[in-house]
There are 2 protein chains.
Amino acid sequence: MNVRADLAQRREELHAVIRAAAIAEFAEHGLRGASTQGIADRAGISKTKLHYYITSKEDLYQEVLDHIIGLWDDLFHETPDSDDPEGFLRDYIARKLLFSLEYPDVSRVFTSEVMRGAPMLRAHWDASRTATGRAADRIAGWVAAGLIRPVDPWLLQFNIWSLTQAYALHATEVRFMLGLDDDAPLDLDHITQEVTQLVLRGLRP
Amino acid sequence: MNVRADLAQRREELHAVIRAAAIAEFAEHGLRGASTQGIADRAGISKTKLHYYITSKEDLYQEVLDHIIGLWDDLFHETPDSDDPEGFLRDYIARKLLFSLEYPDVSRVFTSEVMRGAPMLRAHWDASRTATGRAADRIAGWVAAGLIRPVDPWLLQFNIWSLTQAYALHATEVRFMLGLDDDAPLDLDHITQEVTQLVLRGLRP
DNA sequence: CGAATGTCAAACCAATTGATCAGATCAAAT
DNA sequence: ATTTGATCTGATCAATTGGTTTGACATTCG
């Protein structure tokens with residue numbers, strides 16, 4: 001049984017390596033532009049071996065998308081520290097930005113899929129929309145309670161998404177503009193501070 | 001001479017058609033994922049005919065990137081109505097959003113190139129950086145004059161870019177969340193209002 | 001032991017890729 | 001009318017694509 005567990009674990013580890021390689025390749029070239037050879041190279045295995053562990057490129061891509069959705073759900077479902085607007089938004093923005101800077105390729109794959117019309121993402125979006133709708137209700141509640149000024153609760157969420165995700169999508173551009181090396185880390189705390197302030201002050205009644 | 005002009009014009013018109021088709025294809029699939037066959041189909045010509053007018057896929061892509069940079073320069077160099085922060089930012093945000101909603105594919109091609117490390121964009125970025133630096137100086141001036149609260153002038157620009165571009169990149173997602181048809185127009189005025197308010201109020205001293 | 005299962009690589013396959021070529025077509029210039 | 005040059009097409013190219021097959025090797029289990 002110990003051996004069996006080891007085997008299953010080795011399989012799972014290799015699968016994680018493959019998934020990571022796939023995310024990197026898909027982030028850089030999209031679904032059509034990604035090649036299984038490229039994924040195999042990044043994973044450090046032969047193309048044949050890769051195809052032994054996956055059923056098809058499209059299938060791997062779909063699995064990556066599911067994985068991403070799962071990560072985002074986790075990120076969103078972590079109970080926020082507080083329920084007042086300021087505490088909640090601070091926490092939310094900080095977490096989103098941390099994720100963007102830590103796993104930029106994940107955001108890139110997602111945006112790449114959206115840019116081509118999100119044909120393989122539509123299945124997940126129904127759940128995502130109801131979640132966004134609940135959040136919109138909460139924001140509307142803040143507005144009604146006079147805690148923040150009147151805003152469109154949906155657009156506010158889109159705006160926060162864009163502010164946080166941009167630092168993943170355009171990290172290369174940001175680094176260049178700031179005169180940083182291509183692989184230099186971005187200043188998470190500073191960015192978080194600036195974005196948070198912009199949003200919080202922008203919502204003052 | 002008249003005839004010559006006509007010929008040159010026909011050539012140019014066809015070239016514009018090809019460029020538009022290329023932008024659509026590149027926006028959806030990126031450089032590697034785009035196929036010359038797909039571009040030819042969108043342009044309504046045969047693949048052979050396409051290759052008669054272009055020298056290579058990479059070359060066409062580079063030309064598209066140059067074209068995009070030109071469009072953005074024009075957008076930026078139009079003299080703003082006013083020089084005070086509020087007037088300038090209102091104008092700038094409105095123009096950027098108008099462009100994003102009108103030509104979303106242009107923004108998509110640009111982001112797609114950035115996401116893969118922007119190897120064919122670096123040549124343009126030096127000029128772009130000095131322009132951004134000048135804008136940063138102006139913003140710093142506003143801060144020094146107490147017209148807006150202290151902010152990082154560079155990050156403020158990144159944040160405005162992301163707020164405006166997101167409605168091009170993620171138009172599909174936004175439409176879905178708002179329950180709109182895939183080809184329904186987004187409410188430019190409403191979005192402009194919301195984004196402008198968020199930024200202007202977020203900058204109050 | 002031996003059968004069965006899991007792991008992997010070399011060779012290979014059909015399809016698509018970007019791109020070329022020789023030649024047909026056509027309008028303009030001589 | 002003939003020449004010239006640009007435009008356009010069908011056939012075709014070599015290379016790369018995603019994916020399979022065959023078979024060798026190893027590991028596990030009876």
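Just so it is clear: chains get the letters A, B, ... in the order the sequence lines come, proteins before strands, and each one is counted from 1.
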Encode nucleotides 15-22 of chain D as B, S and - characters from 5' to 3', where the letter depends on protein heavy atoms closer than 4.0 Å: B to the base, S only to sugar-phosphate, - to neither.
---BBBB-

Show me, pair by pair, the donor-acceptor contacts under 3.5 angstrom made by side chains of residues 15-32 of chain B, not counting sequence neighbours?
unit_1, atom_1, unit_2, atom_2, d
H15(B), NE2, E63(B), OE1, 3.1
E25(B), OE1, R42(B), NE, 2.9
E25(B), OE1, R42(B), NH2, 3.1
E25(B), OE2, R32(A), NH2, 3.2
E25(B), OE2, S35(B), N, 3.1
E28(B), OE1, R42(B), NH2, 3.4
H29(B), NE2, R32(A), NH1, 3.2
R32(B), NE, G33(A), O, 3.1
R32(B), NH1, H29(A), NE2, 3.3
R32(B), NH2, E25(A), OE2, 3.3
R32(B), NH2, G33(A), O, 2.9

For residues 165-174 of chain B, which side-chain N or O atoms pair as donor and acceptor with protein atoms under 3.5 Å away, sequence neighbours left out?
unit_1, atom_1, unit_2, atom_2, d
Q165(B), OE1, T111(B), OG1, 3.4
Y167(B), OH, N159(A), OD1, 2.7
H170(B), NE2, T111(A), OG1, 3.0

Show me the donor-acceptor pairs within less than 3.5 Å that the side chains of residues 192-202 of chain B make with the rest of the protein, sequence neighbours left out.
unit_1, atom_1, unit_2, atom_2, d
T192(B), OG1, L188(B), O, 2.7
E194(B), OE1, D152(A), N, 3.1
T196(B), OG1, T192(B), O, 2.6
Q197(B), OE1, R201(B), NH1, 2.9

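Contact annotation: the side chain of V151(B) never approaches that of L155(B) to less than 4.5 Å [non-hydrogen atoms, C-beta and beyond].
At whole-Å resolution of the value, CG in L50(B) and P in dC8(D) are 12 Å apart. Atom CG of L60(B) and atom C1' of dA19(C) are 14 Å apart (whole Å). For E12(B) and dT7(D), the CD to C1' distance is 18 Å, given to the nearest whole Å. The OH-P distance, from Y61(B) to dG18(C), rounds to 14 Å in whole Å. Across the protein-nucleic acid pair, R11(B) atom CZ and dA27(C) atom P stand 18 Å apart, rounded to whole Å.
Qualifying ring pair (Phe, Tyr, Trp, His ring centres under 6.0 Å) partners for F110(B), counting only residues two or more places apart in sequence or in other chains: W72(B). Partners of W154(B) under the ring pair (Phe, Tyr, Trp, His ring centres under 6.0 Å) rule, at least two apart in sequence or in another chain, do not exist in this structure.
Taking side-chain N and O atoms only, Y52(B) has no distance below 4.0 Å to OP1 or OP2 of dC8(D). Between dT9(D) and S46(B), a contact under 4.0 Å exists linking OP1 or OP2 to a side-chain N or O. Taking 4.0 angstrom as the limit, Y53(B) places a side-chain polar atom (N or O) nearer than this to OP1 or OP2 of dC8(D).
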